[in-house]
Amino acid sequence: MYCKNCGKEIVDSSTFCPSCGVNQQVSNITSNQPNLSSNIEDKFLGLSDYYIEEFKKIHESNEQYKGKFNWTAFFFGSFWSLIKGLWLSAIVSLGIGIFTGGLGFIIYWFIFGFRGNYIYYNYVVKNKQIPL
């Protein structure tokens with residue numbers, strides 16, 4: 001479980017976050033954020049358990065948690081992003097890779113690895129394409 005305020009990992013039974021002190025029993029999610037618990041079946045229909053779990057953690061931390069390292073996104077980079085419908089990330093990574101003579105591809109492997117879950121979360125939950 002992750003703190004609803006600061007995103008730090010906490011014990012499931014904790015009432016207060018040991019890092020920031022926020023009460024975990026009271027919801028800190030503002031009304032302008034998507035409520036995943038009410039329409040989780042609609043948003044996540046067809047997603048694997050891995051992505052459902054990661055998206056819940058991202059949402060519950062108010063997007064302080066950006067997702068764990070995604071090895072599939074790391075190894076397959078632009079192909080992974082195209083398969084997931086992340087065309088903006090794919091175009092940017094291909095453009096930078098070509099422009100830099102291949103160095104950009106290596107950089108984007110790490111970007112996809114570290115931020116792939118968050119990029120995909122934005123697409124699925126917010127219907128928003130982000131390049132990084």
Drop me the distance from [X]'s [atom1] to [Y]'s [atom2], to the nearest 0.5 angstrom.
| X | Y | atom1 | atom2 | value |
| --- | --- | --- | --- | --- |
| W87 | L94 | CH2 | CG | 13.0 Å |
| I58 | N117 | CD1 | CG | 6.0 Å |
| I119 | S81 | CD1 | OG | 8.0 Å |
| N122 | Q129 | CG | CD | 9.5 Å |
| Y50 | F55 | OH | CZ | 9.0 Å |

If two hydrophobic side chains count as joined below 4.5 Å and joins carry through other members, does [X] share a cluster with [Y]?
| X | Y | answer |
| --- | --- | --- |
| L82 | L88 | no |
| I52 | I83 | no |
| Y121 | F114 | yes |

Which residues satisfy the side chain to side chain donor-acceptor pair (under 3.5 Å) test with S78, sequence neighbours excluded?
S93
Suppose we screen for side chain to side chain donor-acceptor pair (under 3.5 Å). Which residues come up paired with Y51, at least two apart in sequence or across chains?
N70, W80
Quick one: do the Y120 and E54 side chains pair a donor with an acceptor below 3.5 Å?
no
Just jot down the side-chain contact (heavy atoms from CB on, under 4.5 Å) partners of [X], sequence neighbours excluded, or say none.
| X | result |
| --- | --- |
| F74 | F69, W71, W109, F110 |
| I96 | V92, T100, Y108 |
| K66 | E63, R115, Y118 |

Under 6.0 Å between ring centres, would you say that holds for F112 and F76?
no
Side chains of L47 and V124: closer than 4.5 Å at any heavy-atom pair?
yes
Once ring-ring contact (aromatic ring centres under 6.0 Å, His included) is applied, do any residues pair with Y123, and if so which ones, sequence neighbours excluded?
none
